[in-house]
**Q** 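I have a structure I would like to understand better, so I am pasting it below and will then ask my questions one at a time.
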Amino acid sequence: MAFVFPDAGKALRAKVLFEKKGNKHGKPELLELVLNHNHIVVETMRNVLSFNILYGNQYDDVWRQVRDEKLLQYQSDGKNVDNQFFSKKCCDNLSNVSGNAQSSDLRDFEDRYWLAVAVHLPLDLTFQRSGDSVVPVIYSVFQGNAAIHPTSWSFSGDTLNFRCKDISLKITAVYNRGTNTFEGTFKQFLASSAITFNPTLGPFKANRPQTPQPPYSFDEEEVTVTSKDGRTTLSGTLTLPRKEGRFPAVVLVSGSGQQNRDEELFQHKPFLVIADYFASRGIAVLRYDDRGAGHSTGDAAKATTLDFANDARGAFDFLRKHKRIDSKRVGIAGHSEGALIAQIVAAGSNKVRFVIFLAGQGCSGAEVLLQQNRRLFELQDVPDSLVEKRLACMREFFVVADTIGPKGKLIPTLQEIISHNCPNLSQSQLQTVGLDKKSLFGWSQQLTMPWLKTFLKLDAAQYLPKVKCPILALGGEKDAQVLTKENLARIKELSKGKTDTRSLPSLNHLFQHCTTGLPDEYITIEETFSPEVLKLMADWILEQ
């Protein structure tokens with residue numbers, strides 16, 4: 001078993017404390033090892049109950065380095081680590097790894113890569129040396145790209161078993177020598193699917209050609225913004241054209257979920273792409289980390305759309321007062337839920353000069369979610385009869401979410417709703433539309449979220465009639481999350497001022513050119529944001 005230390009190149013002295021089974025006197029054995037390279041190798045570990053590693057007088061350094069290798073997960077106080085959790089975790093990891101079968105074939109896989117897609121995410125499988133062994137490691141580039149080490153694994157008879165208890169991940173795959181692939185099953189939490197790892201020349205790298213690279217052609221200013229209610233501090237970036245003068249400007253507001261100032265998703269950075277293009281057209285842009293994300297403060301778990309609207313108000317007020325901004329030409333552009341936030345802010349202020357809705361809703365939150373669910377299941381060829389059962393249950397779920405108290409027994413209530421709406425469906429059919437028993441906990445968690453309880457009741461009818469400034473509402477015809485036809489029609493119906501609504505062919509919810517519009521395409525599409533839509537928005541802003 002190897003412990004890897006980053007500071008290779010100098011000899012370090014480590015003390016490893018072992019306690020053996022059957023030691024009647026309870027006295028541990030102390031081994032002193034000298035690290036001439038960057039690892040300690042311990043050969044026989046089956047009799048280990050617990051151990052501590054000391055690094056001179058700087059115990060914390062070694063502990064932190066070991067923890068970062070994901071062998072052990074424990075927050076040390078730097079003084080005493082002799083506790084039951086530490087001991088048990090060490091035993092589990094060490095005995096599992098020491099018990100793995102080592103195959104000469106597996107050594108042939110060292111530093112080679114295979115790529116698969118599971119739950120819409122690319123996964124790299126590789127085999128890395130750890131001491132005298134070669135071990136399988138998984139990387140997920142869109143989840144931080146940190147190494148996912150197994151808590152247990154085996155490779156026998158061309159079958160690889162990989163398990164990481166910490167994230168409930170289990171992969172079983174058979175190596176096919178003819179095709180040089182690993183084929184099997186992927187399981188994580190409630191997700192389960194077939195998986196095939198195909199050989200690649202190296203780790204997966206997403207190609208994002210539109211993302212601007214430094215040195216930028218625009219000026220940037222790091223800013224701090226206070227929300228309108230004064231409770232949240234937002235960290236953001238103001239992008240300015242590289243020329244003299246005062247500029248028209250726009251605040252970008254992201255969609256649902258906590259996102260950074262670039263609205264980054266799968267290494268796409270649409271807000272950075274928009275800021276770059278707008279700067280080239282003489283338009284300034286303020287984008288900010290959502291509360292609780294990036295460098296912004298605030299508790300997102302308790303926040304609602306109305307709280308996020310307060311954040312956007314603070315950003316708008318800040319932008320209007322900036323010395324390089326034309327205060328009479330400042331607007332808001334919101335994507336998805338951000339478009340609803342733009343409606344809320346503009347409805348309460350006559351200082352908002354214009355608003356842009358990107359995949360914005362014209363219907364209530366509840367109706368948007370029902371439309372979205374119907375469309376996503378249709379695109380996956382789920383029978384209409386099953387989809388209608390799910391929607392019937394969802395409508396009743398939403399009522400329950402609004403009425404049940406904090407101590408209400410939500411899961412039994414949800415089960416009753418499913419039972420009377422789906423009396424003749426098999427477990428397989430229920431699972432297809434996410435109404436099986438395993439899904440109930442997830443439903444109960446979502447339906448008690450303050451954000452969802454508020455979002456379900458929010459309706460554009462409350463705000464759009466009060467918006468007096470010009471509106472540009474854009475939607476992609478293949479958007480499967482906020483359906484363009486239904487929502488643009490209602491935006492047009494509810495708006496009292498100058499409103500320009502446009503349905504754009506071949507674009508999805510992220511305004512990428514796409515094939516199906518399903519979210520699993522977001523990763524594979526290299527385009528971050530339609531160039532045609534960038535031009536359309538900038539042209540329109542400059543006309544206001």
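All residue numbers refer to positions in the sequence shown, counting from 1.
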**Q** The criterion is salt bridge (charged side-chain N to carboxylate O under 4.0 Å, His left out); which residues satisfy it with Asp299, sequence neighbours excluded?
**A**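 In terms of salt bridge (charged side-chain N to carboxylate O under 4.0 Å, His left out), with neighbours along the sequence ignored, Asp299 is linked to no residue.
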**Q** From Leu410 CG over to Gln445 CD, what is the distance, rounded to the nearest 0.5 angstrom?
**A** 9.5 Å
**Q** Check the pair Gln371, Asn487 against side chain to side chain contact (heavy atoms under 4.5 Å, CB included), reporting the backbone distance first and the verdict last.
**A** CA-CA 10 Å; Gln371 294 169 355; Asn487 285 279; 3.1 Å; yes
**Q** Hey, is Arg374 close enough to Glu367 for a salt bridge, meaning N to O under 4.0 Å?
**A**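 Salt bridge between Arg374 and Glu367, a charged N being under 4.0 Å from a carboxylate O: no.
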**Q** Would Ser530 and Gln512 satisfy side chain to side chain donor-acceptor pair (under 3.5 Å), going step by step from the backbone distance to the final call?
**A** CA-CA 6 Å; Ser530 164; Gln512 301 167 307; over 6 Å; no
**Q** Look at Arg490 together with Asp459 and state whether they make a salt bridge at an N to O cut-off of under 4.0 Å.
**A** yes
**Q** Would you please name every residue forming a side-chain contact (heavy atoms from CB on, under 4.5 Å) with Arg231, sequence neighbours left out?
**A** Asp229
**Q** Surrounding NZ of Lys187 (heavy atoms of other residues, nucleotides or ligands, distance under 6.0 Å), is the total greater than 12?
**A**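 No, not enclosed.
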**Q** Quick one: side chain to side chain donor-acceptor pair (under 3.5 Å) pairs with a partner in residues 352-364, sequence neighbours left out?
**A**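 For residues 352-364, and leaving out neighbouring residues, there are no side chain to side chain donor-acceptor pair (under 3.5 Å) pairs at all.
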**Q** Using the rule given for salt bridge (charged side-chain N to carboxylate O under 4.0 Å, His left out), can you reason through Arg375 versus Glu378, listing the C-alpha separation, both sets of side-chain angles and the distance that settles it, and then say yes or no?
**A** CA-CA 5 Å; Arg375 183 59 178 151; Glu378 285 175 351; 3.5 Å; yes
**Q** For the pair Arg281 and Asp539, evaluate side chain to side chain contact (heavy atoms under 4.5 Å, CB included) and give the outcome as yes or no after the intermediate values.
**A** CA-CA 9 Å; Arg281 298 290 305 277; Asp539 288 347; 2.7 Å; yes
**Q** Regarding Asp317 and Lys321, does a basic nitrogen lie under 4.0 Å from an acidic carboxylate oxygen?
**A** no
**Q** For Lys228, look at atom NZ and say whether over 12 heavy atoms of other residues, nucleotides or ligands are found less than 6.0 Å away.
**A**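 Count not over threshold, so no.
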**Q** Which one of Ile418, Leu435, Leu430 satisfies the side-chain contact (heavy atoms from CB on, under 4.5 Å) criterion with Leu425?
**A**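 So the option named by the test is Leu430.
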**Q** Within this structure, what is the NZ-CD1 distance for the pair Lys466 and Ile344, rounded to the nearest 0.5 Å?
**A** 10.5 Å
**Q** Can you tell me how far apart NZ (Lys328) and CZ (Arg320) are? Round to the nearest 0.5 Å.
**A**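 Reported to 0.5 Å precision, the distance equals 10.0 Å.
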**Q** Is there a donor-acceptor contact under 3.5 Å from the side chain of Gln258 to the main chain of Asp290?
**A** no
**Q** Which residue is it: Leu536, Thr499, Val355? I am looking for the one with a side-chain contact (heavy atoms from CB on, under 4.5 Å) to Leu472.
**A**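 With Leu472 as partner, Leu536, Thr499, Val355 yield a single side-chain contact (heavy atoms from CB on, under 4.5 Å), made by Leu536.
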**Q** Could you tell me if Asn508 and Glu521 have a donor-acceptor pair between their side chains, going purely by distance under 3.5 Å?
**A** no
**Q** Roughly how far, to the nearest 0.5 Å, is the NE2 atom of His509 from the CG atom of Leu358?
**A**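 Spacing of CG (Leu358) from NE2 (His509) equals 9.5 Å.
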